[in-house]
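Notes for the one structure printed next.
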Amino acid sequence: MHQSPALFVLVLVATAAATWSSFFLVAYARQLEPVHAAGESCIGRERDALLIFKQGINDTDGFLKSWQPRRQDCCRWAGITCSNKTGHVIQLDLGGTYLMGQISPSLLSLEQLEYLNLKSTSLTGHNGGIPKFLGSFKNLRHLDLSDMYFTMAPPQLGNLSKLEYLDLSNSRRMYYSDISWLTRLPLLLHLDMSETNLSSIADWPLVVNMLPSLQYLGLFGCSLPSANQSLTHLNLTNLQHLGLSNNNFGHPIASAWFWNVRSITELYLCQTSLYGPFPDSLGNMTSLQVLYFGCHLEYVYPATTTCNAATMTVDMRNLCDLEYLRLDGSLSSGNITKFLENLPQCPSNRLKYLSMQSTNMVGIIADGLGQLTSLTSLVLSYNNITGSIPLSIGNLSHLEYLDFSNNHLTSIPQELANCTSLQNIYLSNNNLVGPIQLGIGSSTRLQSLDLSYNSITRLIPPGIGSYIRLEHLDLSYNHLTGPIAPWLGNFTRLYYITLSNNLLTGNIPPELGNATNLEFISLSNNHLSGPIPLEIASCTGLGYLSLANNHLTGHVPSKIGMLTNLVELDLNNNNLDGGITEEHLATLKSLRHMDLSNNSFSGPLPSEYGALGLIELTLSFNYFSGHIPESIFCKLRSLLVLDLSHNLLEGELPRCSQKLNLVFLHLSNNGFSGKFPSALQNYTSLSFMDLSKNNLYGELPLWIGDLVYLRFLQLSHNFLSGDIPVTITNLKRLRQLSLAGNSMSGIMPWSLSNLTSMTQKHPRRPGVDMYVWYTSYVGKFREVWPVVMKRQELKYGLGVFDVVGIDLSLNQLVGEIPDGITSLNGLLNLNLSCNQLSGEIPAKIGLMKSIESLDLSRNNLSGGIPTSLSDLTYLSFLDLSYNNLEGRIPPGSQLDTLYMENPSIYTGNIGLCGHPLERNCSGDNTLEHVNQHRREKVSEPVLFFYFGLGSLFLVGLWVVFCTLLFKKAWRVAYFRLFDKVYDNAYVFVVVTLGRMKGKATS
Amino acid sequence: MAPRVPSLLVAAVLLLGLAAGVARASNEEGDALYALRMRLSDPNGVLQSWDPTLVNPCTWFHVTCDHASRVVRLDLGNSNVSGSIGPEISRLVNLQYLELYRNNLGGEIPKELGKLKNLISLDLYANKLTGRIPKSLSKLSSLRFMRLNNNKLAGSIPGELAKLTNLKVIDLSNNDLCGTIPVDGPFSTFPLRSFENNSRLNGPELQGLVPYDFGC
C-alpha cells in the first residue's frame, strides 16, 4: 500500500507508452486503407492457409468470426493486416484472444509475414514446443509468443535473421538447453525471455553480448545461475533496459558483468541475492534513470526481511538522470547521513522516487535532504534513523508521499508545512513526543496522516481550511490527554479515524457527527465518559464503531439504528445501561459482529435482528433477563459465536427444527433451567460449549456423543444426575471436560482412553487451524473461557485450544479410577476430588507426564501412593488428602516442593508415613511393602541369609537346652564342668591380683 | 470537611498507583518469563503456550500464579530445554519455586537470582551449569531446598550460605567445587553425601581456623 505511488507511476508510464504505440499503429493502418477501399482482395493462397489455420482452433469467444470463406478479402479479417503494395498478409495479430488449439503449418503460405503476435493464447505446436516452421518466416521482424504454454524453443528461430523484436516471456514451462541460436539475430533490439528456465545457460552474458543492437533485455525470474562472467569485449553499446530481477545469483554485486555498460538507463536487480558493496563504476553510469534493487516488501513477511544484503557507499552525485532508486530490504548496513550525501547533486535534480524500507540505516537525516527537490516519494521506514527530521524538508515542494515510520525520530519540524504537495504522511512507531501541531501551514492536499505508536500528548488545532482533504487519521497508541478535539469533525472527508489506546477523557464530541463520510471510528481503550452522542448516527456510512474499554454511561441511542452499513459494533466494557431493543437492531442489516459485554444493560434480550448475517453476538456480563428469544437460535443462521454468559437469563433454550452452525456457545452463569437442552442436538458444529453454573437437571443424554466437534465441554455446577454417558468417550476432539459440582453417580466411564485428543500423540498444537479459522471469520479471540485448575479459575483466550483437562469433582461417583486414564498423557488437569471413588490410585499415574494439577482428595481411595507419582515433573498442584491411603510417601524433589507449599496434601490418610510426614514408617511395617517392591527384590537373598543364620542359632540353642533338661547325667556333668571352670577362674584371678599387689608395694 | 477532600484524593491516587503497580507487576513477570523463553532452545515445545501478548502469564503451561496473579512457581524439570538462565529471572520477584532440574541448561547461575527474596526452592540439579555458586544466593532468606548437584559448578562454596537459616536440604554433589564445606548454621546438620564427588572439596572447615581454599 505504501508503494502505491510507485506502482501508479509505473502504470502511468506503461499507459503512455501503450497509447503512443497504438497511435502509430492506427496511423499505419490508415495508410493501408485506400488500397482495400479499391476492392483489392487478398491473395487466395494466403486466405486458404488462414482458413486451414482456423480449422485447428477452438474459438469460443468468436474472435475469428470474420474469418469466413465467403468473405473473400482476408485483409479485412480480424487480426490480419496486408501490405498496401503487394496485398500480402504482413501482420497476424491474435494476441490476447484466448484461442485454443494447434498452430497449423499452413501459415507458411504467409511468406511475407513481418509481424506475428500470439501472446496470451493457448495455441501450441505439435509436441508442446514452438513449431520449428516459425523459423521459416524470412521476413519476420516482430515475434511475440509470450504468456503461452510452450515447453521448448527450436534453434530454427535463429533463421529469422530480420527479427528485431522477440518476446518469449512468461512461459513458465519453457526450458532452454541452448540459446546460441540467438547470436544469428544481429538486428534484435528487444529480447524478453522472462519467467522461463535458463538455469543451464551458464554463458548467457556471452550470448547476449553478440547482439550488438540490443536495447531491451528482459530476463526476470529465469533461474539464471550467475552474472559474474567476464566479457573481454563489450558489444552491448545500445543496451538501455536490463532486467535481471528474481534470479538467485548469490555472488558479490561488484563482480557482475554489466557495470561497464554505460548506456543502461533502467537496471532491475530486485531479489537477486547479490551482496557486498556496489562497485564504484555505478557512479559512472550517467544514463541511469531507474535502479531497482529492493524487493516488494508488502509481499514479504515480516516487513523487516532482507532480500539482498549489499552496501551502498558509491558516489552517485553525477547520476543526474536518476529518477527512481529503490533499495527496500536489500542493504545490510549503512549510514543515512552519508548515503544522502552521495545522491545526485545536479543543477536540475531529477530524483523523484527514493525507497529504502528496511535497509539497516543508522544515523540522522542531514540537511542535505533538502537538495532533492524533485522528490515525490520518500520512504525510509523500518530503519534505525535517529534525531529529528531536518528543517530543509520544507524545500521538497513536490513531495507527495512521506514514510518515515518505524524509526527513532524525535520531532517534526514546522517546515514540513511547506511541503504543500504532501498527500500521505506515515510517522508511526517513532519517538515523537509532546504536542503536535496538526495542519501546520496549508497542507490542503493531505489525505493520510499516521502518527500512531508515538508519545504525542496533544493536538494543536489546524488553521482554517487546512486538512480539508484528510481522509485517514491514525493517532492510536499515543499519550493524548484531555478531551477529543471537536474540530476533528471539520474534516468532512475523513473516513477513517482511530484514537484508540490513548489517555483521552471527557465526552465524545457530538461534532464528530459532522464528518459524515466516516466509515471507521475507533476510540477504544481511553477514559472517555458521558453518553454516546446521538449525532454519531449522522455518519450513515459507518461500518466499524469501537468505543470499547471506556467509561461511557447512559443508554445506547436508538438512532444508532440509522447506521445501516454498520458491520461491527464494539461497546465492550463501559458503564452503559438501559435496554437493547428492536429500534436499535432491526435496521442494522449489515451487522456481523456485536459485542456489548461488560456493561449494565438490562431488560429482555433483543428479539428482532435486522442482521441475518450476524456472526458474533456477545452480550455477556450484563443484566439481561428473561428467556432467550427464539429468533436468536432460529433466525440467525450465520451465527458462529453466541456469548450470553453472566446474565440473569432463565427458562429453557428454544428448540429449532433446522441444523445450526453455531461453534461457540457460552451460556454459563445464568439461571437456565430444565433438563439438558434437547435443542442442542441440532448444533452438530458446536466446538466450545459452556453451560456451567445454571440450574439444569436430569440426565446427560446419550446423544452428547454425537456432537463430535466438541473440544470444550463445561457443564459444571448444575444439578445434572445419573451416569456419565459412555458415549462421551466418542468425542475424539474433546480436550476439556468438566462435569464438576453436579450429582453424577455411577462409575467413571472405563473407555476414557478413547479421548485421544487428550493424549500427546495428538498433533502438538491442534488449536492452530481452529485459531486461524476463528481470527479470519470472527476476529480477535477474547479471553472468555474459564477453566478451573490448581484451585483457580483461569480465563483462557487462544490458549483454550491447548488446555487439556478432566474435572469430575464434587459428584457422587463410585467405583475405581479406570487404569486407562493414565494413557491420557496430555492432561494438564485431573480433578476427581469429592466423590466416593474407591480402589487404588492407578500405579502408572507417572505416565501422565503433562499433568500440572492433580486433585484426588476426599474419596475413599486406598492402597499406597504409587512411586511413579514422583516422575510427574510438571506437577504444581497436588491434593491427596482425606482418603484411606497408606504406606510410605514416595520420595522426590518435586513432591518435596508441593508438600512445602501445602503441608495438608496428605492429611486425613491415617496410614501414610515417612518423609516428609513426621510419622515414621515402622522398620518392618507390613504396610511398608506396598510401595517397596523394588527394594524387597534387591534385598531378598540378604534377608534369606540372615533368616537362615538366626533360625540355625535358635535350633542349636534349643538342642543344647533340651538335652540338658531331659538327660540328668549330662545336666550334672554340665553343671560340674561349669563349677570347675568357675573355681579355676576364681583362683587364677585372686592369685594374679595378689601378685600384682606385691609388685606394686615393693 | 475541608481536609477530607485531600485525604480522599491521596487515597484515590494511592489506589490508582497500586492498581497500576499490580498491572505492571504481572506484565513484568510475563516479560521476564518471555525473556527466559527467548534464551532457551525448546525442542519439545514445552514453552509453546508462552504467549507474551496475554495480560499475564498465569495461563501459560508450567507457570503457576497465586490468587493475585503473581507468578509463584515455574516447573520446567525434565523438559529437554537448553540455553542459559538470564539475569531477567530476578524480575520474578514473587517466585517461590524454581524447578529447572534435569535439563541441558548451561552458562552460569546469574547472581541476580539472589533478588528472589521469596524463593523457597531452587532446583537446578542435573544440568550443565558452569561458573561459581553466587554469593548472592545467601540473600535468599526463605530458601529451604537448594539442589545444584550434577552440574559443572566450580569454585568454593560461599561461606555466606551459612546465613540461610531456613535451609533444610542442600545438594551440591557431583560438581567441581573446591575448598571447604561451611560448618555454621544449617551446614551443621547436612550430611556429607550432599557434597560428595567434588574431587577438590576438602571436607568441613576446621573450627577456629581461616577457611583454607588452596587450589581453589
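In what follows, chains carry the letters A, B, and so on, assigned in the order in which the sequence lines appear, proteins first and then strands, with residues in each chain numbered from 1.
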Per-residue contacts, residues 96-109 of chain B versus chain A, heavy atoms under 4.5 Å
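Interface residues of residues 96-109 of chain B: B:Tyr97, B:Glu99, B:Tyr101, B:Arg102.
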Which residues in residues 119-128 of chain B have a heavy atom less than 4.5 Å from any heavy atom of chain A?
B:Ile120, B:Ser121, B:Asp123, B:Tyr125
Any chance you could measure A:Met900, atom CE, to B:Ser142, atom OG, to the nearest 0.5 Å?
11.0 Å
Euclidean distance, A:Gln792 CD relative to B:Ser69 OG, rounded to 0.5 Å
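B:Ser69 atom OG to A:Gln792 atom CD measures 7.5 Å (nearest 0.5 Å).
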May I ask you to name which of A:Thr873, A:Leu875, A:Val787, A:Val803 has the most heavy-atom pairs under 4.5 Å with chain B?
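Greatest number of close heavy-atom pairs with chain B: A:Thr873.
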Looking at B:Val72, B:Thr53, B:Asp66, B:Asp51, which has the largest count of heavy-atom pairs under 4.5 Å with chain A?
B:Asp66
May I ask you to name which of B:Leu54, B:Thr64, B:Asn78 has the most heavy-atom pairs under 4.5 Å with chain A?
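Of B:Leu54, B:Thr64, B:Asn78, B:Thr64 has the most heavy-atom pairs under 4.5 Å with chain A.
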Where B:Gly77 and A:Tyr874 come nearest, the two heavy atoms and their spacing
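Of all heavy-atom pairs spanning B:Gly77 and A:Tyr874, the closest is O-CE2, 3.6 Å.
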A:Arg791 to B:His67 - nearest heavy-atom pair and separation
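Reported closest heavy-atom pair: O-CE1, 3.4 Å.
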All ring-ring contact (aromatic ring centres under 6.0 Å, His included) counterparts of A:His551, not counting sequence neighbours
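Here the qualifying residues are A:His527.
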Is any side-chain heavy atom of A:Thr897 closer than 4.5 Å to one of B:Arg73?
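Result yes, sub-4.5 Å side-chain heavy-atom pair found.
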Do the non-hydrogen side-chain atoms of A:Asp896 and B:Arg147 ever get within less than 4.5 Å of each other?
yes
Residues that A:Thr822 engages under side-chain hydrogen bond (donor to acceptor under 3.5 Å, both in side chains), provided they are two or more places apart:
none
Is the [atom1] atom of [X] crowded by more than 12 outside heavy atoms at less than 6.0 Å?
{"X": "A:Lys795", "atom1": "NZ", "answer": "yes"}
{"X": "A:Lys844", "atom1": "NZ", "answer": "no"}
{"X": "B:Lys135", "atom1": "NZ", "answer": "no"}
{"X": "A:Glu918", "atom1": "CD", "answer": "no"}

Let me know if A:Glu901 has heavy atoms under 4.5 Å from chain B in its side chain, its backbone, both or neither.
both
Residue part contacting chain B, namely of A:Leu898, when any heavy atom lies under 4.5 Å:
both
